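This report refers to the structure that appears directly beneath it.
We count residues from 1, following the sequence as given. Just so we're clear, the structure is a prediction, and the values are computed from it rather than from any experiment.
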Amino acid sequence: MDFSDEQLEFIGAPFDKSTLVIAPPGSGKSMTTRARVAYMIMSGVPAESILVTMFNKPAAKEFRHDYNKLNVEGTPTIRHYHSLGYKLCEGFMKKGVLPTWKLEVREFIWQKLAVDALRKAIAEFGSTDIDIYDSSVIDSFTSFLDYCKSDTQPSSVMFERLGLSSHLAPFKLGFDIFEQTRAHNQMRSFNDLLYDVVRLIKQDSRCSNLIANRLDQIIIDEYQDINPIVQDLFTIMAGERAKTTGIGDDDQTIFEWRGSNPLVMSEHWDHKYPDSQKFTLKTTFRYGHSLAMAANNCIFNNSKRAMKMCLSAPSTPKTEINIGYYAPPSFGAEPYTDTKQVALVDSIRMFISEGNAYSDIAILPRLYQVSPFIELALFRAGIPYQLSSGKSISTLPAFSAFEALANLCKGGSEIDAAGLFSKVLMTPNPGVKTNVATAFFDLFRNVQTATPDDVKAVIPNTKPFIHKRVANKINAIKESIEKATPSEAFHAYINDYLIEELEKSLSQKQSRSTSHTMALAHGFFDLARQAPTFDNLLTSLESLKAESNKSNNAVRIMSQHMAKGITVGMAVIPACCETISPATVSGKTTDIQAERRLFYVAITRPTKKLLLLLPKDKAYQKAYEKESSQPPDGSLEESESTSRFVYEMNIKGSLRVAKEIHPDAAGHLPTTSSAKNFNQYLSSLNLFLRVKNDA
Ligand SMILES: Nc1ncnc2c1ncn2[C@@H]1O[C@H](COP(=O)(O)OP(=O)(O)OP(=O)(O)O)[C@@H](O)[C@H]1O
């Protein structure tokens, strides 16, 4: 394969200037960077004076592996950030300038330290507004700790920068307590390797002198995700001598919560390296014109970006863009909770029938809460899958409860009936303390029908509606275990009892987790209907548990963050609806530009087929037909509304214009809402074809 002119321009550029390379998805940046390094070495730059760094270990491994295939005499130092931090930390510890602390890699130790620190901070602060038992609070605090380690600024500055709500003010003190305890326990996490080194070298010029001016070239891959700590380190290492090369794509900045910022490739770069040379690899070899135009249409709505247009190379085969719809949801449920997902299943089957492998398909949910429904649908359709990130459906409390009910129904001497009963009773919790479940088991075993008064005798100080609710639940479980088949038993528990209860609760208060449990209940009922015996149902649940670990030739389900850098034949973006993409999290303002970048990363993964899964939304269907890229006012922020990013793609317009692109294309096409973008694209391809521009 020959390098393109724009790639060659970067490969052979002078070495005496810092260099910025903006490289859109699939533009061959890894391959071109390897060639650039090889060219440097062949031109006489000593290999040992070149440092190539990347974001993570697999990327560094791949770079080294592919570089070695070039057979160049001399290999540069290739390191990912943590390994660089480790090496520097070791060096400073040996010299006695950094205390000798151990590297602690066990996650639960850090988790405990974080919880203890936050608890102390809350006590000292006298705050009552934070619920320490709420796992989302702990998650926010640990994210805050990570964010603080992305810079050397005090925790108060980082708190302001993150724009956290004032009721979380104890987080600031929590960070300081966390750091004191870490020092007391003499340990470092992976993040601390760089954090401690950079704090040291910024404070002590004797230490910074030890690492400065040792290199000629520092080459930083995925430059868009660099954070201030890493940037400070490279600035000090470069000193007066080394030139810096940053390669990346600001439109793919997706690790803001670790301190990255899309402006590092535009404003910040210009400020830091005013005399640098700049290149743009604008051609993608991954996907065809229609997807290139649709992705451009979407990302052009961001203002925090370096201006550029990604063009598909003439040699790139066309990439299909398909839309699939979820079945209309049941009462109060989000559309993506569809447990059949016919459009997804059919589309995968079609892709396989065209001679492709399951392993060439990736499903990329924005939020993990979407994936249990995908799992159920794939499982029921017999499509092998593996979860590359996120938690399997079998870790959901609802899964354990349905499994417990199946076991309870099966009966037999080997089961722990009390334990199983309490799992079913407490999921979802009818409003009682866990320690009373055993007393209710006695009731369950000993009375024909439990009455609210029976329940009141166990929990006298609780409200009457709880007595009634618990009695109903005990009776529903009782009724279900008397049935002979899974279908009858689950009908009695799920259809006659649980769904009604959940609907009641949803009509009083809309809750994502309640509506998810309801959708899963429908899904499990369908599984139960297909199982002739309880043993069959339990075997089926067992294989559902094991399914997520299938490693060979399986569809991969992974987060959009994790998909950064991968290429697949078919990419599926589930839940293309508001509240998921962009993701809205209660108590946090949504950064729409950041969400758009993540969506852009996800849609730019496939070579052959992109499938977007949408709610059935008339407003969008109308806009699609009219080739309008504008979402209607007021329809946003509801999961029944199609994601604004899908509108922005103007898919129908992109497909129509792409169809007309060929080497001799000329003339005028009917107008569409993104005419200006399309014309820019067509003129960049040096075609005389234009879309009529009414505006
Ligand atoms: N000049 C070229 N001609 C043909 N194909 C090319 C050329 N340059 C790169 N490619 C191919 O393009 C594909 C994408 O390259 P690569 O994975 O390096 O992209 P990338 O820029 O790292 O993408 P991302 O930013 O999404 O991680 C590879 O299959 C590569 O072989």
Could you tell me which non-hydrogen atom of S18 sits nearest to which non-hydrogen atom of Y273, and how far apart they are? OG-CD2, 3.6 Å

Evaluate the side chain to side chain contact (heavy atoms under 4.5 Å, CB included) criterion for residues E578 and R644: first the C-alpha distance (whole Å), next the side-chain angles of each, then the deciding distance (0.1 Å), finally the verdict. CA-CA 7 Å; E578 291 288 309; R644 64 191 82 187; 2.7 Å; yes

For the pair D221 and V52, evaluate side chain to side chain contact (heavy atoms under 4.5 Å, CB included) and give the outcome as yes or no after the intermediate values. CA-CA 8 Å; D221 192 14; V52 185; 5.7 Å; no

Between the side chains of N302 and D251, does any donor sit under 3.5 Å from an acceptor? no

Where do E660 and A665 come nearest, in terms of heavy atoms and distance? O-CB, 3.3 Å

Please confirm whether the ring centroid of F3 lies under 6.0 Å from the ring centroid of F10. no

What is the ring orientation for F255 with H561, classed by angle as parallel under 30°, tilted 30 to 60°, or perpendicular over 60°? tilted

Under 3.5 Å, which donor-acceptor pairs do the side chains of residues 334-355 form with other protein atoms, sequence neighbours left out?
| from | atom 1 | to | atom 2 | distance (Å) |
| --- | --- | --- | --- | --- |
| E334 | OE1 | S515 | OG | 2.5 |
| Y336 | OH | Q369 | NE2 | 3.4 |
| Y336 | OH | H516 | NE2 | 3.0 |
| T337 | OG1 | E334 | O | 2.5 |
| D338 | OD1 | K340 | N | 2.9 |
| D338 | OD1 | Q341 | N | 3.1 |
| D338 | OD2 | A327 | N | 2.9 |
| T339 | OG1 | R380 | NH1 | 3.4 |
| Q341 | NE2 | D338 | O | 2.9 |
| R349 | NH2 | A381 | O | 3.0 |
| S353 | OG | M350 | O | 2.7 |

Short side-chain to backbone donor-acceptor contact, E6 and K282, under 3.5 Å: yes

d(N297 CG, N650 CG) to nearest 0.5 Å is 6.0 Å

Residue pair S290, K659: steps toward the side chain to side chain contact (heavy atoms under 4.5 Å, CB included) verdict: CA-CA 8 Å; S290 49; K659 228 160 104 187; over 6 Å; no

Examine distances only and state if a side-chain atom of D617 and a backbone atom of T642 form a donor-acceptor pair shorter than 3.5 Å. yes

Please confirm whether the backbone N or O of N227 pairs with a side-chain atom of R258, one donor and one acceptor, at under 3.5 Å? no

Any donor-acceptor pair under 3.5 Å linking the side-chain atoms of Q252 with those of Y600? no

Closest heavy-atom contact between G569 and D360? N-OD1, 2.8 Å

What are the two closest heavy atoms between F379 and Y385, and how far apart are they? N-CE2, 4.2 Å

With no hydrogens and no angle check, do the side chains of S30 and E62 hold a donor and an acceptor under 3.5 Å apart? no

Compare all side-chain heavy atoms of V601 with those of Q560 and state whether any distance is below 4.5 angstrom. no

Considering residues, nucleotides and ligands other than K308, do more than 12 of their heavy atoms fall under 6.0 Å from its NZ? yes

Given side chains that start at C-beta, do those of W257 and S143 come closer than 4.5 Å, heavy atoms only? no

Looking at NZ of K17 and OG of S276, how far apart are the two atoms once the value is rounded to the nearest 0.5 Å? 8.0 Å

Working to the nearest 0.5 angstrom, can you tell me the gap between Q217 CD and T245 OG1? 5.5 Å

Can you list the steps and then say if S389 with M558 is a side chain to side chain contact (heavy atoms under 4.5 Å, CB included)? CA-CA 5 Å; S389 57; M558 66 172 85; 3.8 Å; yes

Does A13 offer a backbone N or O that forms a donor-acceptor pair with the side chain of R36 under 3.5 Å? yes

Can you tell me how the ring of F599 sits relative to the ring of F645, calling it parallel under 30°, perpendicular over 60° and tilted otherwise? tilted

Decide whether R366 and S581 meet the rule of one side-chain donor and one side-chain acceptor closer than 3.5 Å. no

Using modelled atom types only, decide if a donor and an acceptor are shared between the side chain of N679 and the backbone of K676 within a distance under 3.5 Å. no

As an exercise, state the distance from CD1 of I11 to CZ of F279, rounded to the nearest 0.5 Å. 10.5 Å

I need the minimum non-hydrogen distance between G288 and T316, along with the two atoms involved. N-CG2, 4.0 Å

For E222 and Q224, which I'm curious about, is there any donor-acceptor pair between the side chains at under 3.5 Å? yes

With side chains defined as the heavy atoms from C-beta onward, is the minimum distance between L387 and I393 less than 4.5 Å? no

Is there a donor in the side chain of T19 and an acceptor in the side chain of Q277, or the other way round, less than 3.5 Å apart? yes

Side chains of T579 and S639: donor-acceptor distance under 3.5 Å anywhere? no

Report, as yes or no, whether the 6.0 Å neighbourhood of atom CD on E625 holds more than 12 heavy atoms from other residues, nucleotides or ligands. yes

Heavy-atom donor-acceptor pair, D250 side chain to R305 backbone, under 3.5 Å: no

Taking atom NE2 of H662 as the centre, does the number of heavy atoms from other residues, nucleotides or ligands within less than 6.0 Å exceed 12? yes

Residues D249, K564; criterion salt bridge (charged side-chain N to carboxylate O under 4.0 Å, His left out); working and verdict: CA-CA 11 Å; D249 180 6; K564 170 83 193 72; over 6 Å; no

Roughly how far, to the nearest 0.5 Å, is the CG atom of L364 from the CD1 atom of I374? 9.0 Å

Can you tell me how far the OG atom of S654 sits from the CD1 atom of I651, to the nearest 0.5 Å? 7.5 Å

Check: F234 and L51 side chains under 4.5 Å, non-hydrogen atoms: yes

With distance as the sole test, does S629 use its side chain to make a donor-acceptor pair with the main-chain N or O of S673 at under 3.5 Å? no

Candidate list T284, T280, L291, I299, test side chain to side chain contact (heavy atoms under 4.5 Å, CB included), partner C310, passing option: T284

Non-hydrogen atoms of S312 and Y287 that approach each other most closely: OG-O, 2.8 Å

So, Q231 versus Y223: side-chain donor-acceptor pair below 3.5 Å or not? yes

